[in-house]
Amino acid sequence: YILIYWFIYRKKGSFSFISKTLLCGIVVVISGIRCNFGSDFYSYYRQYNYISDQILAFGGVQRFIENNIQVGYPYLMHIVRKINSSPYAIFWACSIIIYPSMFHWIDKKTTNKTYSVALFFLLGIFDITNNILKQSIALCLLLYAFDYLIDNKYIHFLILSIFAVLFHVSALAIIVAMVIAHFVNL
């Protein structure tokens with residue numbers, strides 16, 4: 001990954017559109033075509049291919065949602081299954097959501113993009129995001145929500161924060177930390 005990045009990295013301190021698209025595309029493809037990669041792969045595979053069938057067969061998505069706060073992922077599974085019936089389509093969909101968001105954030109918010117991308121791979125963040133899909137989607141939503149909080153656009157922040165919680169309830173802890181950090185000068 002790092003060699004690919006070094007090869008397509010053109011301008012000091014910024015990504016060109018082509019290099020950013022190429023790097024992100026390679027990462028999306030690698031993540032999308034994975035099979036049995038990571039400790040949670042089979043769990044997500046099973047949820048998408050078997051549990052979502054059961055949800056649809058026994059009362060639909062609405063009944064499932066009534067008993068679960070984290071409804072973002074079941075809705076995403078439902079939407080993806082309507083678009084593509086491949087048993088691996090959910091991994092492609094999650095990759096398309098997660099990695100463009102993360103690389104956009106790196107490009108927008110870091111001063112040394114070379115080290116940021118290198119750390120993304122060397123510290124195992126790429127591997128981790130392949131294991132924790134729901135949390136990774138929630139994180140991506142919170143990255144955008146954070147921008148709105150900084151810009152004092154609280155309604156946008158609240159909407160994205162709610163969507164993040166719908167994907168994973170652990171986003172509540174991050175939301176609280178972001179709000180405290182924004183309003184309290186430590």
Side-chain angles (χ1 to χ4, degrees), residues 1-6 8-9 15 19-49 51-52 69-81 83-84 86-149 160-178:
Y1 301 119
I2 295 171
L3 290 176
I4 293 168
Y5 172 73
W6 284 100
I8 62 176
Y9 186 73
F15 289 114
S19 64
K20 184 172 31 172
T21 304
L22 184 59
L23 175 64
C24 189
I26 290 168
V27 172
V28 166
V29 167
I30 290 169
S31 180
I33 63 173
R34 71 195 161 116
C35 183
N36 209 15
F37 173 78
S39 59
D40 289 347
F41 174 85
Y42 186 70
S43 174
Y44 285 113
Y45 179 85
R46 193 173 68 79
Q47 283 177 353
Y48 181 66
N49 289 291
I51 294 174
S52 60
I69 188 174
Q70 298 177 142
V71 297
Y73 190 71
Y75 267 124
L76 179 63
M77 288 190 304
H78 182 69
I79 291 167
V80 170
R81 287 196 65 141
I83 295 170
N84 189 327
S86 167
Y88 301 100
I90 193 66
F91 298 107
W92 282 95
C94 290
S95 297
I96 291 168
I97 293 168
I98 295 167
Y99 299 111
S101 299
M102 289 199 175
F103 283 112
H104 174 74
W105 183 261
I106 288 171
D107 187 40
K108 186 177 175 185
K109 296 294 184 181
T110 61
T111 55
N112 193 327
K113 287 141 188 48
T114 305
Y115 291 125
S116 298
V117 171
L119 290 173
F120 179 78
F121 293 109
L122 292 174
L123 293 177
I125 296 169
F126 174 70
D127 295 336
I128 292 168
T129 57
N130 277 299
N131 264 339
I132 54 173
L133 299 179
K134 294 184 292 186
Q135 296 94 323
S136 297
I137 292 171
L139 172 66
C140 290
L141 291 167
L142 290 176
L143 290 175
Y144 289 111
F146 183 70
D147 280 341
Y148 287 122
L149 181 63
L160 285 174
S161 296
I162 289 170
F163 276 113
V165 170
L166 292 178
F167 274 93
H168 205 275
V169 73
S170 65
L172 285 171
I174 304 302
I175 293 165
V176 169
M178 287 191 306

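Values below: every heavy atom of this structure, side chains too, minus hydrogens, waters and symmetry copies.
- Proximity of Cys94 to Leu76: side-chain heavy atoms (C-beta onward) are separated by under 4.5 Å at one or more points.
- Between Ser170 atom OG and Lys134 atom NZ the span is 9.5 Å, to the nearest 0.5 Å.
- With rounding to the nearest 0.5 angstrom, the CD1 atom of Ile79 is 14.0 Å from the CG atom of Asn84.
- Scanning all heavy atoms of the two residues, the minimum distance from Thr129 to Met102 falls at CG2-CE, 3.6 Å.
- Of the candidates Asn112, Leu119, Val117, Ile106 forms a side-chain contact (heavy atoms from CB on, under 4.5 Å) with just one, namely Val117.
- Atom OH of residue Tyr99 and atom CZ of residue Phe126 lie 4.5 Å apart, to the nearest 0.5 angstrom.
- Using modelled atom types and a 3.5 Å distance limit, the side chains of Thr110 and Tyr115 yield no donor-acceptor pair.
- Within the model, atoms CD1 of Ile175 and CG of Leu149 stand 10.5 Å from one another, a figure rounded to the nearest 0.5 Å.
- Smallest separation of non-hydrogen atoms from Ala138 and Ala164: CB-O, 3.4 Å.
- Taking the side chain to side chain contact (heavy atoms under 4.5 Å, CB included) definition, one finds that Trp92 meets it with Val28, Val29, Ile33, sequence neighbours left out.
- A distance of 8.5 Å separates CD1 in Ile128 from CG in Leu123, rounded to the nearest 0.5 Å.
- Contact between Lys108 and Asp147 at its shortest, heavy atoms only, is NZ-OD2, 3.0 Å.
- Between Gly32 and Ser95 the shortest heavy-atom distance is N-OG, 3.6 Å.
- Residues satisfying the side chain to side chain contact (heavy atoms under 4.5 Å, CB included) criterion with Phe163, sequence neighbours excluded, are Leu141, Ile159, Leu166.
- Counting heavy-atom neighbours within 6.0 Å of Tyr148 OH, excluding the residue itself, gives a total of 12 or less.
- Side-chain atoms of Asp127 and Asn131, non-hydrogen and from C-beta on, never get closer than 4.5 Å to each other.
- Between Trp105 and Phe146, the two ring planes are perpendicular [angle over 60°; tilted spans 30° to 60°].
- In this structure Ala93 satisfies the side chain to side chain contact (heavy atoms under 4.5 Å, CB included) test together with Val80, sequence neighbours excluded.
- Classification of the Phe121-Phe103 ring pair by plane angle, with boundaries at 30° and 60°, yields tilted.
- With Tyr44 contributing its side chain and Leu133 its backbone, the two residues share a donor-acceptor pair below 3.5 Å.
- Note that the CZ atom of Arg81 and the OG atom of Ser86 stand 10.0 Å from one another [nearest 0.5 Å].
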Leu142 vs Leu160, test: side chain to side chain contact (heavy atoms under 4.5 Å, CB included). Steps then yes/no. CA-CA 7 Å; Leu142 290 176; Leu160 285 174; over 6 Å; no
